[in-house]
Q: 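Okay, handing you the structure first.
First the proteins, then the strands, lettered A, B, ... as listed; each starts at 1.
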There are 2 protein chains.
Amino acid sequence: MATIYEVSKLAGVSLATVSRVMNNNTPVREATRLKVLAAMEELGYRPNSIAQSLASNRSNSIGILVSELYGPFYGAMISSIEAEFRAAGKHVIIAAGHSEESTEQDGIEFLINRSCDALILHVEAVSDDYLIKLSQSDTPIVLINRQIPAIQSQCISLNNKLGGYLASRLLLEKGHRQLAYISGPLWKTDAKERYRGHQLALQEYGLQPDERLFFEGDFHESGGSDGVAQFLQQGLHFTGLICGNDEMASGAMTEARECGLDIPGDLSIVGYDNVMLSHYTYPKLSTIDYPIAAMGQMAARWVLKHIYQQDKLDVQLVFEPKVIERDSCISLAPTLG
Amino acid sequence: MATIYEVSKLAGVSLATVSRVMNNNTPVREATRLKVLAAMEELGYRPNSIAQSLASNRSNSIGILVSELYGPFYGAMISSIEAEFRAAGKHVIIAAGHSEESTEQDGIEFLINRSCDALILHVEAVSDDYLIKLSQSDTPIVLINRQIPAIQSQCISLNNKLGGYLASRLLLEKGHRQLAYISGPLWKTDAKERYRGHQLALQEYGLQPDERLFFEGDFHESGGSDGVAQFLQQGLHFTGLICGNDEMASGAMTEARECGLDIPGDLSIVGYDNVMLSHYTYPKLSTIDYPIAAMGQMAARWVLKHIYQQDKLDVQLVFEPKVIERDSCISLAPTLG
DNA sequence: TTGTAGGCGTTATCAC
DNA sequence: GTGATAACGCCTACAA
């Protein structure tokens with residue numbers, strides 16, 4: 001592989017000049033620039049990015065940590081982040097945190113040791129304090145789906161409470177009054193916020209939450225099916241069900257159907273996230289859109305703006321969810337209201 | 001950030017010795033090793049991976065190119081690759097090729113310029129010749145889901161023809177004789193092979209393929225729905241449908257149901273890939289398992305073995321698909337056979 | 001077993 | 001505008 005040195009010899013200029021035409025940060029006479037360009041072409045020269053990084057103290061790599069690499073949710077996020085950086089000539093190093101505190105910390109450490117210029121984190125298990133401390137170290141971080149007041153300007157988040165509110169209101173507006181709720185793990189902030197939104201909606205309609213119609217699931221399919229199974233075993237009556245995410249909604253749907261309920265005839269269901277599967281269920285799932293692709297892109301822009309000085313870019317920190325109505329919810333006949 | 005030099009001073013040894021205890025490739029007296037370790041600890045020393053790379057001519061990074069970053073299929077693949085490398089202290093740089101020749105080539109170039117030690121590619125649009133040429137350059141490559149005789153030892157692939165055969169035989173065994181087939185784009189090798197398997201199964205049962213019951217889709221949901229729509233508009237009769245992948249099967253299922261068909265009562269459907277969505281459809285989709293996670297892991301092992309000299313590892317190049325029976329296929333009543 | 005010194009391919013700071 | 005030359009932080013013969 002040709003080096004900058006060989007190029008300089010062939011072009012009959014100094015090594016420094018070659019570097020200048022590469023980075024065009026210093027004026028170079030047009031004639032020499034062309035000579036250099038020709039020499040690079042002839043040698044098939046490609047800059048060694050590692051040497052560049054060592055000399056410039058910039059790796060042009062951004063670390064991304066997500067809970068899981070598979071699944072529609074993170075896929076969409078990573079995809080939009082990669083596209084944005086790729087267009088800017090940066091590259092992306094990925095790691096998985098598996099929603100586990102020590103694994104998440106390991107992952108972060110791993111990425112830092114890889115000399116990433118910045119980190120984009122979608123972490124769940126790690127504490128606020130840890131992240132605040134981390135943000136004071138050398139490697140800048142951006143958080144997705146997390147709100148920490150002390151470092152708010154680095155947090156890109158969704159208004160989860162509003163989403164929970166919208167999901168519940170969708171059913172309330174359709175006349176449903178007996179609502180069940182299957183939540184994600186309440187130690188996860190987003191799960192808690194979504195549930196808060198639900199409570200808010202109930203309150204607005206003058207309803208009391210019924211503890212027996214609440215189930216704390218795991219954000220996986222089994223959480224949804226377990227929840228429905230429990231409600232039904234207790235002989236509880238409910239015509240609407242709000243789930244903390246689409247996976248659980250899918251599990252709930254399957255379980256309800258196996259117990260002889262017609263969806264949406266006997267039970268209306270709303271999910272949350274609008275991941276791809278919500279489109280594959282039968283009936284198609286009504287849900288709350290989580291604009292994860294846009295948020296990932298924004299995280300990338302944040303980095304481009306603050307770390308790579310692309311000042312013109314605008315970043316938006318808080319996103320709003322919106323209702324996606326499909327086929328899993330129906331209006332309750334007024335006589336039944 | 002502390003450097004190796006500061007550590008050496010604090011420990012009262014030479015810089016080379018510090019390097020030795022880090023890489024423990026040269027004997028170091030236990031006492032000195034401990035001194036060095038203590039010094040590293042005290043300074044919170046972390047090796048600069050970029051400097052290591054420059055000096056050792058090893059970046060410890062592996063480039064991965066897939067068609068898309070989202071979607072269950074690639075997610076599972078990337079996930080298993082990352083896990084395998086992470087455990088080995090290597091990291092993974094990802095890029096998307098979007099099934100488009102120039103984008104795939106750009107992506108490969110991009111990764112090569114990033115000084116990856118090796119590339120793992122799941123490419124579709126790029127030609128065999130290009131890949132053969134590529135494999136002669138400095139950066140080693142491994143191919144997933146592609147068979148190129150000239151570089152067979154670097155190809156990790158699925159026996160797609162067998163899968164197509166198994167899918168069709170599943171329906172034939174259940175008594176179905178009027179079979180429709182919705183294929184992926186035939187310029188994609190895997191789509192073509194799967195279809196070949198189908199033809200093989202028909203032949204085994206003494207049946208002729210009916211051209212009118214063949215539709216070339218796009219591997220997306222719309223391909224499945226378009227295919228079914230076309231068959232039905234032509235008033236064709238068929239009791240079994242094989243789809244080139246699960247997405248199309250899902251689309252087909254939805255369309256068929258909207259046309260008033262009961263699944264599997266009126267029509268049995270088989271997919272291919274066994275991605276997560278096959279589990280979310282209603283009824284749950286019978287399909288052919290594509291062990292993509294295992295194949296990704298194997299690609300990673302290939303690299304560890306051949307590039308990083310982890311000689312003990314065994315690699316398997318060809319994988320076998322298998323039938324996953326769920327709820328979307330039924331046996332045809334003998335009287336109707 | 002340990003130290004010395006040259007080199008990896010750039011960038012960046014000086015002079016000229 | 002351009003050319004030396006010193007970093008950047010580490011690895012690795014070669015010597016001792």
Q: Just checking B/V13: base, sugar-phosphate only, or nothing, at a heavy-atom cut-off of under 4.0 Å?
A: sugar-phosphate
Q: Report the nucleotide, chosen from D/dG3, C/dT4, C/dT1, that has the shortest atom-to-atom distance to any side-chain atom of A/A16.
A: D/dG3
Q: Can A/K90 and A/D117 be counted as an ion pair, charged N to O under 4.0 angstrom?
A: no
Q: Nearest heavy atom decides the nucleotide; on that basis, is B/S56 or B/G12 closer to the 5' end of DNA chain C?
A: B/G12
Q: Taking atom types as modelled, is there a side-chain donor on B/S53 or B/S59 under 3.5 Å from an acceptor on the other?
A: no
Q: Is there, by distance only and without an angle test, a donor paired with an acceptor across the side chain of A/R33 and the base of D/dG1 below 3.5 Å?
A: no
Q: For the residue pair B/S67 and B/E124, confirm or rule out a side-chain donor-acceptor distance under 3.5 Å.
A: yes
Q: For A/N23 and B/A55, find the nucleotide of DNA chain C closest to each by heavy atoms; which residue's nucleotide sits nearer the 5' end?
A: B/A55
Q: Tell me if the side-chain of A/R46 makes a donor-acceptor pair with the base of C/dG9, cut-off 3.5 Å, by modelled atom types.
A: no
Q: On the nucleotide C/dA12, are OP1 or OP2 found under 4.0 Å from the side-chain N or O atoms that A/S19 carries?
A: no
Q: In whole angstrom, give the distance that lies between atom CZ of A/R20 and atom P of C/dT10.
A: 16 Å
Q: Take the protein atom CD1 of B/I50 and the nucleotide atom C1' of D/dC11, then report the distance between them rounded to whole Å.
A: 16 Å
Q: Which whole-number value in Å describes the distance from B/Q52 CD to C/dT10 P?
A: 20 Å
Q: Roughly, in whole Å, what's the span from OH in B/Y5 to C1' in C/dT4?
A: 13 Å
Q: Identify which nucleotide among D/dC11, C/dT10, D/dG3 has an atom closest to any side-chain atom of A/S14, counting heavy atoms from C-beta outward.
A: D/dG3
Q: Do the side-chain N or O atoms of B/T17 get closer than 4.0 angstrom to the phosphate oxygens (OP1, OP2) of C/dT2?
A: no
Q: Starting at atom CG of B/L54, determine the distance to atom C1' of C/dT10, rounded to an integer number of angstrom.
A: 8 Å
Q: With heavy atoms under 4.0 Å as the rule, sort A/T32 into base, sugar-phosphate or nothing.
A: sugar-phosphate
Q: How is B/N57 classified with respect to the nucleic acid when contacts are heavy atoms under 4.0 Å: base, sugar-phosphate, or nothing?
A: nothing
Q: Check the distance between C/dG9's P and A/N48's CG and give it to me in whole angstrom.
A: 7 Å
Q: Side-chain N or O of A/T26 versus OP1/OP2 of D/dG1: is the shortest distance under 4.0 Å?
A: no
Q: More than 12 non-hydrogen atoms from neighbouring residues, nucleotides or ligands closer than 6.0 Å to OH on A/Y70, yes or no?
A: no
Q: What's the NZ-P distance between B/K9 and C/dG3, to the nearest Å?
A: 15 Å
Q: CG of A/L15 versus C1' of D/dA7: gap in Å, rounded?
A: 13 Å
Q: Does A/R146 pair with A/D128 as a salt bridge, N-O distance under 4.0 Å?
A: yes
